[in-house]
Trainee: 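My questions will all concern the structure given below.
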Amino acid sequence: MTQQAIALTPAKDVIVRDERFVSVSKEPWLRIEADFGAGPFVEMVFRTSLLDDPVRPVLRFVTPAGAIDRILPGPAAGAGVWIGALPRGAREFLISPTNRPGPFGFMIESLRPVGLAEALMRVWRRRPAKLWSYFLPTLFGYRSEAENALDWASNFEPLDDFENWRARRARRFEPTGFDAPRNDSATAPRFAILLLDAGAAPDRKALTLASIERQSQLPFLPPARIAHSEAELVPLLAETDFVAVLRAGDELADHAFASLAEHIARAPHAKLIYADELLRTKNGPRPSFTPDWSPSLAAARSYFGRCAFYAASTLTGKSIGESMRAAPFRLARAEISHLRRWLLTRDEEPEAPIVAPSASARAEPAPSVSVIVLTRDRADLLRPCVDSILRLSTHPSFELIIVDNGSREAETFAIFEKAKKDPRVRILSRPEPFNFARLNNDAARAATGEVLLFLNNDTAIVSPDWLETLSRRAMAPQTGAVGALLLYPDGRIQHAGVTIGLGQDAGHFGALVAPQTPSWLGRAGLAHESSAVTAACMAVERRKFDAVGGFDSINLPIEFNDVDLCLRLGERGWTALYDPSARLLHYESASRGSPKFRPMSVYAKERDYFRDRWRAVIRDDPYFHPALSLYARHPALW
């Protein structure tokens with residue numbers, strides 16, 4: 001195939017203006033004018049402008065049976081490389097490179113057929129034990145399952161291989177070509193740098209000053225102002241839009257100010273913009289990956305470094321440094337914006353200490369809670385679940401509603417009879433076809449608590465104050481659904497928040513390791529915002545649950561209804577939250593069986609609905625960096 005750039009033409013919601021693509025919606029589509037070949041797999045190399053947000057593109061194959069979408073890597077370094085299966089019968093190829101209106105730069109550099117042998121060799125180099133995950137489904141004719149197994153086994157690069165990964169994906173800044181600015185230079189923001197260089201070696205000071213000077217060489221940006229103390233900076237604030245504090249030895253990327261200027265034009269309301277960084281470590285450069293603004297995580301640890309630019313208008317008070325430290329918690333969430341590219345290289349430094357939660361927050365009275373548990377027999381699971389709730393929970397005002405979905409075993413009814421002797425317990429008989437969403441909605445209507453807590457019958461309580469913790473969190477004005485730390489019986493993490501897009505749908509990032517294992521930003525052990533949490537243990541304030549109509553019992557009766565609920569709450573401004581101080585054991589899916597292999601055709605209708613309804617979040621979970629692999633449960637490159 002040709003190694004020249006592949007022709008792209010507007011297909012939907014894209015116009016060409018001054019030889020540039022311009023999106024007129026949040027999901028524009030380009031038609032790929034190329035033959036993908038006849039091989040089972042294909043490699044695509046693409047690049048985006050360094051001035052654009054590196055959102056994951058969506059590749060669409062149009063087949064006689066319908067459209068098949070694939071989420072591609074986010075080009076955080078400037079380019080992306082994807083290898084994936086080529087669906088049979090694909091006759092049209094589309095791609096959605098961005099998720100916002102306005103000009104964008106996108107190019108497909110090459111398409112290359114990939115044979116089965118090469119695809120399997122990728123698996124062999126990364127996870128050789130996973131080859132059986134491809135061959136076994138193939139043996140029984142499950143093509144989709146086999147291709148999915150290959151994705152999970154090969155679509156990631158270890159963080160330790162960052163330099164090789166970046167060598168193929170980083171691209172040179174082209175300010176007069178592909179990366180030319182799209183906005184009027186007359187409205188370009190003015191930057192000031194407070195450079196802390198007292199006592200620094202001359203070469204380190206020169207490194208930083210040279211990187212600042214390179215920004216000023218761009219004709220469409222005004223020269224940056226440099227101060228070496230707060231006293232020098234104060235008189236410059238009136239002539240400055242954004243200010244950052246750097247140290248001698250820090251080095252701005254050549255495109256740093258240009259990227260910031262474009263980002264400010266896209267987000268004119270932003271008063272604090274933080275970008276990602278490259279850290280100089282003993283093992284070479286390593287990237288920092290940060291989520292979009294997560295106030296609960298930031299309250300425990302300052303997770304963004306020095307590449308943070310503050311609107312000059314926010315810097316008030318006697319100390320600019322103090323004003324900067326307080327700014328994130330004074331500003332509205334919409335005024336804090338994340339630029340998801342590496343714009344600064346600096347030395348690795350010891351992590352800031354983690355701040356313990358405030359005791360005063362825990363002293364507030366806990367709201368009343370209705371715990372809702374669905375069950376159909378399985379006395380071996382139900383007994384320890386009910387016993388742990390009634391025996392261990394310290395919450396002074398809760399009710400337990402057990403929804404019996406057609407139990408038949410005498411042992412189960414014995415548990416019901418014993419539980420009903422406790423005035424906190426009610427049994428609802430619902431002997432109907434299993435519909436998780438409808439059964440929980442029905443129980444919610446019968447509940448009396450201010451907070452609804454949906455709980456699987458294959459769980460057991462570990463933290464006695466779990467109800468107080470989750471219910472208080474759920475009542476916060478900005479919070480939607482709240483989830484707990486769920487552990488497998490062997491002590492490994494089963495749930496520490498849900499990442500949208502993992503495996504192309506949604507999954508549990510950070511799972512399958514012990515809680516004390518180092519995790520991305522230490523999030524497994526810290527409360528943090530998440531796009532969703534699992535309904536295996538989920539607390540939601542009743543009024544918010546009712547406001548969005550509860551679980552979707554029509555389109556998502558069994559699968560994805562918990563994630564869908566969280567996302568619909570999110571549409572209303574109520575963000576999901578994970579809190580590890582509430583801890584439970586979870587025998588995942590034990591009550592309904594958890595086979596090692598389940599065909600993807602099972603619940604395919606629900607999966608298709610979920611992917612279509614939430615494609616925007618699947619391609620761009622705000623709490624998951626676009627450079628991270630969607631086929632790894634721990635930080636890996638893609």
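In this text, all values refer to a predicted model and were calculated from it rather than measured experimentally. Values below: every heavy atom of this structure, side chains too, minus hydrogens, waters and symmetry copies.
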Trainee: In terms of side-chain geometry, is the basic nitrogen of R543 or D546 positioned less than 4.0 Å from the acidic oxygen of its partner?
Mentor: no

Trainee: Using a 4.5 Å cut-off on heavy atoms from C-beta on, say whether the side chain of L565 contacts that of M538.
Mentor: yes

Trainee: What residues, two or more places apart in sequence or in another chain, satisfy side-chain contact (heavy atoms from CB on, under 4.5 Å) together with S397?
Mentor: S368, H395

Trainee: Y310: what forms a ring pair (Phe, Tyr, Trp, His ring centres under 6.0 Å) with it, not counting sequence neighbours?
Mentor: none

Trainee: Find the distance between CZ (R424) and CD1 (I401) and round it off to the nearest 0.5 Å.
Mentor: 14.0 Å

Trainee: Check for a donor-acceptor pair, side chain of K544 on one end and backbone N or O of A474 on the other, with a separation under 3.5 Å.
Mentor: yes

Trainee: Any salt bridge between E409 and R383, counting N to O under 4.0 Å?
Mentor: no

Trainee: Could you pull out all residues at least two apart from W574 that satisfy ring pair (Phe, Tyr, Trp, His ring centres under 6.0 Å)?
Mentor: none

Trainee: Would you mind checking if D387 and R391 are paired as a salt bridge, meaning a charged N to carboxylate O distance below 4.0 Å?
Mentor: yes

Trainee: A side-chain contact here means heavy atoms from C-beta on lying under 4.5 Å apart; do T469 and S463 qualify?
Mentor: no

Trainee: For D69, enumerate each residue passing the salt bridge (Lys or Arg N to Asp or Glu O under 4.0 Å) test, keeping only those at least two apart in sequence or located in another chain.
Mentor: R60, R615

Trainee: State, yes or no, whether a side-chain contact exists between I415 and T375 at a heavy-atom distance under 4.5 Å.
Mentor: no

Trainee: Which residues satisfy the salt bridge (Lys or Arg N to Asp or Glu O under 4.0 Å) test with D621, sequence neighbours excluded?
Mentor: none

Trainee: Under the ring pair (Phe, Tyr, Trp, His ring centres under 6.0 Å) rule, collect the residues that match up with H508, sequence neighbours excluded.
Mentor: H495

Trainee: Side chains of W152 and S133: does their closest heavy-atom pair fall under 4.5 Å?
Mentor: no

Trainee: Once salt bridge (Lys or Arg N to Asp or Glu O under 4.0 Å) is applied, do any residues pair with R426, and if so which ones, sequence neighbours excluded?
Mentor: E399

Trainee: Would a distance-only check, ignoring hydrogens and angles, find a side-chain to backbone donor-acceptor pair under 3.5 Å from N561 to I558?
Mentor: yes

Trainee: Going by the rule salt bridge (Lys or Arg N to Asp or Glu O under 4.0 Å), which residues pair with D562 if we only count those two or more places apart in sequence or in a different chain?
Mentor: none

Trainee: Under 3.5 Å, is there a donor-acceptor pair between the side chain of S319 and the main chain of E322?
Mentor: yes

Trainee: Give a yes or no on whether the backbone of R100 and the side-chain of R266 come within a donor-acceptor separation of less than 3.5 Å.
Mentor: no

Trainee: Checking H586 side chain against A536 main chain: does a donor-acceptor pair fall under 3.5 Å?
Mentor: no

Trainee: Flag the pair L585 / P384 as yes when at least one side-chain heavy-atom distance between them is below 4.5 Å, and no otherwise.
Mentor: no

Trainee: Could you tell me if the side chain of T314 sits less than 4.5 Å from the side chain of S323, heavy atoms only?
Mentor: no

Trainee: Strictly below 4.0 Å, N to O, side chains only: are R340 and D53 in salt-bridge contact?
Mentor: yes

Trainee: Any heavy-atom pair between the side chains of R613 and L556 that's under 4.5 Å?
Mentor: no

Trainee: Does a salt bridge link K420 with D422, judged by any charged N lying under 4.0 Å from a carboxylate O?
Mentor: no

Trainee: Taking ring pair (Phe, Tyr, Trp, His ring centres under 6.0 Å) as the cut-off, I'd like each qualifying pair that reaches into residues 450-482, sequence neighbours left out, listed once.
Mentor: F454-F545, F454-F551

Trainee: Per the salt bridge (Lys or Arg N to Asp or Glu O under 4.0 Å) rule, what does the pair list look like for residues 305-315, sequence neighbours excluded?
Mentor: D250-R306, R306-E349

Trainee: Any side-chain heavy atom of Y631 within less than 4.5 Å of one from Q504?
Mentor: yes

Trainee: Please enumerate all residues that pass side-chain contact (heavy atoms from CB on, under 4.5 Å) together with P367, with sequence neighbours excluded.
Mentor: E450, V451, S471, R472, M475

Trainee: Treating H625 as the side-chain partner and F289 as the backbone partner, does any N or O pair qualify as donor plus acceptor under 3.5 Å?
Mentor: no

Trainee: What salt bridge (Lys or Arg N to Asp or Glu O under 4.0 Å) pairs are there with at least one residue in residues 474-493, not counting sequence neighbours?
Mentor: D490-R492

Trainee: Could you tell me whether a side-chain N or O of S629 sits under 3.5 Å from a main-chain N or O of N155, the two making a donor and an acceptor?
Mentor: yes

Trainee: Do the ring centers of Y274 and H338 come within less than 6.0 Å of each other?
Mentor: yes

Trainee: Between R430 and E432, is there a side-chain N and carboxylate O pair less than 4.0 Å apart?
Mentor: no

Trainee: Looking only at the side chains, is there a donor atom on one of S370 and R542 sitting less than 3.5 Å from an acceptor on the other?
Mentor: no

Trainee: With the threshold set at 4.0 Å, does a side-chain nitrogen-carboxylate oxygen contact exist between R568 and D564?
Mentor: yes

Trainee: In Å and rounded to the nearest 0.5 Å, what is the NZ to CZ distance from K271 to F242?
Mentor: 9.5 Å

Trainee: Is R611 salt-bridged to D505, going by a charged N under 4.0 Å from an acidic O?
Mentor: yes

Trainee: Taking the side chain from S388 and the backbone from C385, do they hold a donor-acceptor pair closer than 3.5 Å?
Mentor: yes

Trainee: Check this for me, if you would: do R286 and E348 make a salt bridge, where the nitrogen-to-carboxylate-oxygen distance has to be below 4.0 angstrom?
Mentor: no

Trainee: Applying side-chain contact (heavy atoms from CB on, under 4.5 Å), run through R619 and V617 and close with a yes or a no.
Mentor: CA-CA 5 Å; R619 74 186 296 188; V617 190; over 6 Å; no

